[in-house]
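To keep things clear, I will list the structure first and then write my remarks on it.
Please read these numbers as outputs of a predicted model, since none were measured by experiment. Atoms within a ligand are numbered from 1 in the order they appear, just like the ligands themselves.
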Amino acid sequence: MSANDEHAKITVPDLLAMKGEQKIVMVTAYDYPTARAADAAGLEMILVGDSLGMIVLGYDSTVPVTMADMLHHTKAVMRGAERIHVTADLPFMSYQVSDAQAVENAGRLMKAGGADSIKLEGGENVASQIAAIVAAGIPVVGHIGLTPQSVSALGGHRVQGRSLDAARAIIADAEAVEKAGAFAIVLEAIPRKLAEIITNRLSIPTIGIGAGPFCDGQVLVNGDLLGLFDRFTPRFAKRYAELSTTIGAAFGQFADEVRDGRFPEDAHGFAIQSAVLRQLEAEYLSGDEPG
Ligand code: KIV
């Protein structure tokens, strides 16, 4: 860390210095309580991912997510993130149109959202946008391999880079993203040995999701990690909790206790002074109209 203060914000130089020294641990978060939990657990990075669309907003893909959605959730995360570094996703069609559009929307995530850095998807095809955003003084995380915003073009959530040509193209993408000025790169759903080659070739940290153990860090989507999203679980995700089940059981127990009169108990309510109560009872329970 750059500062001795354990509450000091984790900076881009801190993250760069972790390459080869210490694994970077990142999780997605979309709200204040999850941000606080990730910060308190000592993770290095939060991604306010556009996976928001599927995990929180109930869409079938990340494609419908808007800048307004990303700003709303980035602001909530920032209120809970003291030390942890927060990267916010640029959603689909918020940067593809032009460098100017990319800089403007990256600036909104930083200025109005309060993010510490931004992420966008793509390799050589978005190098010019990355360079323009970095030139504006905004730190960028790249994202290559399986890029969910292009799921329609990719034909589904499939492993990328299995053939020689595809693997070479992903290496070229990684190098283009680094050359354009990104300070880290997410590698999604690529073979572990390809991720190792990329990790060894780049001087910026690689953060893997479905990319094996050789990356400089790992990221998981919190809905998968916490067992909050049950529509499907990618093969590469590990569930560390079953919160949907826990939440369902808590709601069910609450309903049972309300229905059979076990909730609320005295401890959950407020008393009234006995003199006040006596007077109220005299006025309202005696059958006489209050005088
Ligand atoms: O939006 C997201 O959650 C992501 C992760 C899959 C890395 O981009």
Which protein N or O atoms sit under 3.5 Å from any N or O of ligand 1? Give atom names and distances.
unit_1: ligand 1; atom_1: 1 (O); unit_2: D50; atom_2: N; d: 3.1
unit_1: ligand 1; atom_1: 1 (O); unit_2: D50; atom_2: OD1; d: 3.0
unit_1: ligand 1; atom_1: 1 (O); unit_2: S51; atom_2: N; d: 3.0
unit_1: ligand 1; atom_1: 1 (O); unit_2: S51; atom_2: OG; d: 3.3
unit_1: ligand 1; atom_1: 1 (O); unit_2: D89; atom_2: OD2; d: 3.2
unit_1: ligand 1; atom_1: 3 (O); unit_2: S51; atom_2: OG; d: 2.5
unit_1: ligand 1; atom_1: 8 (O); unit_2: K119; atom_2: NZ; d: 3.0

Residues in side chain to side chain contact (heavy atoms under 4.5 Å, CB included) with D31, at least two apart?
P33, T34
Please report the shortest heavy-atom distance between P205 and I24, naming the atom on each side.
CB-CD1, 3.7 Å
If the plane angle is over 60° it's perpendicular, under 30° parallel, otherwise tilted; pick one for F254 and F263.
perpendicular
For E82, the salt bridge (Lys or Arg N to Asp or Glu O under 4.0 Å) test, sequence neighbours excluded, returns none
May I ask you to decide if the ring planes of H85 and F183 are parallel, tilted or perpendicular, using 30° and 60° as cut-offs?
perpendicular
Please list all pairs passing the ring pair (Phe, Tyr, Trp, His ring centres under 6.0 Å) test where one or both residues lie in residues 86-137, with sequence neighbours left out.
none
